[in-house]
Amino acid sequence: MSTNSATAVACPNIAFIKYWGNRDEELRLPANGSISMNLGDLSTRTSVMIDPAFSSDQLHLDGQAADPVSQRRAATFLDAVRSIAGEHLCARIESTNNFPTGAGVASSASAYAALALAASTAFGLNLSERELSRLARLGSGSACRSIPSGFSEWLVGTGDEDSYAVSIAPHDYWDLVDCVAIISQSHKLVGSTEGHRLAVSSLLQNARVADAPRRLTLCREAILNRDFSALAEVAELDSNLMHAVMVTSNPRLVYYEPATVLIMKFVAEWRHYGLPVFYTIDAGPNVHVITLTDHSKHVQALLASLPGVEKVLSSIPGGAAHLV
Ligand code: DP6
């Protein structure tokens, strides 16, 4: 193979039913299925260049050589692509986010979704959406949900072959808006890859996983029926269950900051007084406050006025990962 290159764009996603814990760490086979919404205003753009002159893989993030841990993770991922393609050449990856890196918005989902598409294309593969989602999953579990469009469900599956994400509704199906309250944090966080390993050490993980099929059904139906209060109820419960597992793990993982809890309380109060809002929180202190388009400016202003909120990002639902 001579030189070859491809560029792809993918959005991050916010899960309403969370992925927490793997039954197979290496293959990233999740303990439970999950459901998320792509965030269309945020994106990662990744180019992969293959050249026989390269002697090793290289990863550049926002114009800078990435740290060694990220380099190794990307090279391991490229090994998976090379093994499917029957290739051996090294590649250079250049990736940029249109949202501030380090703002606390998890970027591994958009990063590995864009990389799966760009790398498989550069190595001459023409994968189906299902195959791409499976491949992205190997890089970062939540990345498999950023391959299909709009609202997607990651099927728990029985193994590598059938654990991938499918779109349950297109991006323009429902005018939800994610208002992300960015909160400053005082300490370094345990990343999600490390966190997944700790999930089994919580007494609550089995109960959370056992009830997941019920919550997935409630969430899927709430999306399909555009039933905001049903989605609010199941998504807040699911976020609370994941954080209950986190704080009861050994060692414990406490991602909430005081401002996180303040927002959780305000969101419940705002909803009580008739505003369509609910919260969901990932492995960090930021609060994703979901509302409808008509209320989004108001919700953003309310969040920005709270102490401890550094800034507020917002996004409407996003489309599928695509080549550019
Ligand atoms: C809390 O997909 O980031 O955001 O597979 O190790 O990359 P890795 O983990 P990752 O885990 C996401 C965890 C979460 C919940 C979710 O997005 O479902």
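Counting begins at 1 with the first residue of the sequence. Both counts, for ligands and for their atoms, begin at 1 and track the order of listing.
Ring pair Trp174/Phe151 is tilted by interplanar angle, where 30° to 60° counts as tilted.
For the pair Arg137 and Tyr164, the cation-pi criterion (under 6.0 Å, within 45° of the ring axis) is not fulfilled.
For the pair Ser202 (side chain) and Ala199 (backbone), a donor-acceptor distance under 3.5 Å is absent.
In the displayed structure, Glu129 atom CD is contacted under 6.0 Å by more than 12 heavy atoms of other residues, nucleotides or ligands.
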Tabulating one pair per line, provide the atom names and distances (0.1 Å) for every N/O atom of ligand 1 that is less than 3.5 Å from a protein N/O atom.
residue	atom	partner	partner atom	Å
ligand 1	2 (O)	Ser140	OG	3.2
ligand 1	2 (O)	Ser142	N	2.8
ligand 1	2 (O)	Ser142	OG	2.6
ligand 1	3 (O)	Ser108	OG	3.4
ligand 1	3 (O)	Ser192	OG	2.8
ligand 1	5 (O)	Tyr19	OH	3.2
ligand 1	5 (O)	Arg28	NE	2.7
ligand 1	5 (O)	Gly141	N	2.7
ligand 1	6 (O)	Arg28	NH2	3.3
ligand 1	6 (O)	Thr193	OG1	2.6
ligand 1	7 (O)	Arg73	NH2	2.8
ligand 1	7 (O)	Ser140	OG	2.6
ligand 1	9 (O)	His196	NE2	3.0
ligand 1	11 (O)	His196	NE2	2.9
ligand 1	17 (O)	Arg145	NH2	2.8
ligand 1	18 (O)	Tyr19	N	2.8
ligand 1	18 (O)	Arg145	NH1	3.0
ligand 1	18 (O)	Arg145	NH2	3.2

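Defined by atom type and a distance below 3.5 Å, a donor-acceptor pair is missing between the side-chain atoms of Arg28 and Asn22.
No salt bridge links Arg72 with Asp67; every basic N to acidic carboxylate O contact stays at or beyond 4.0 Å.
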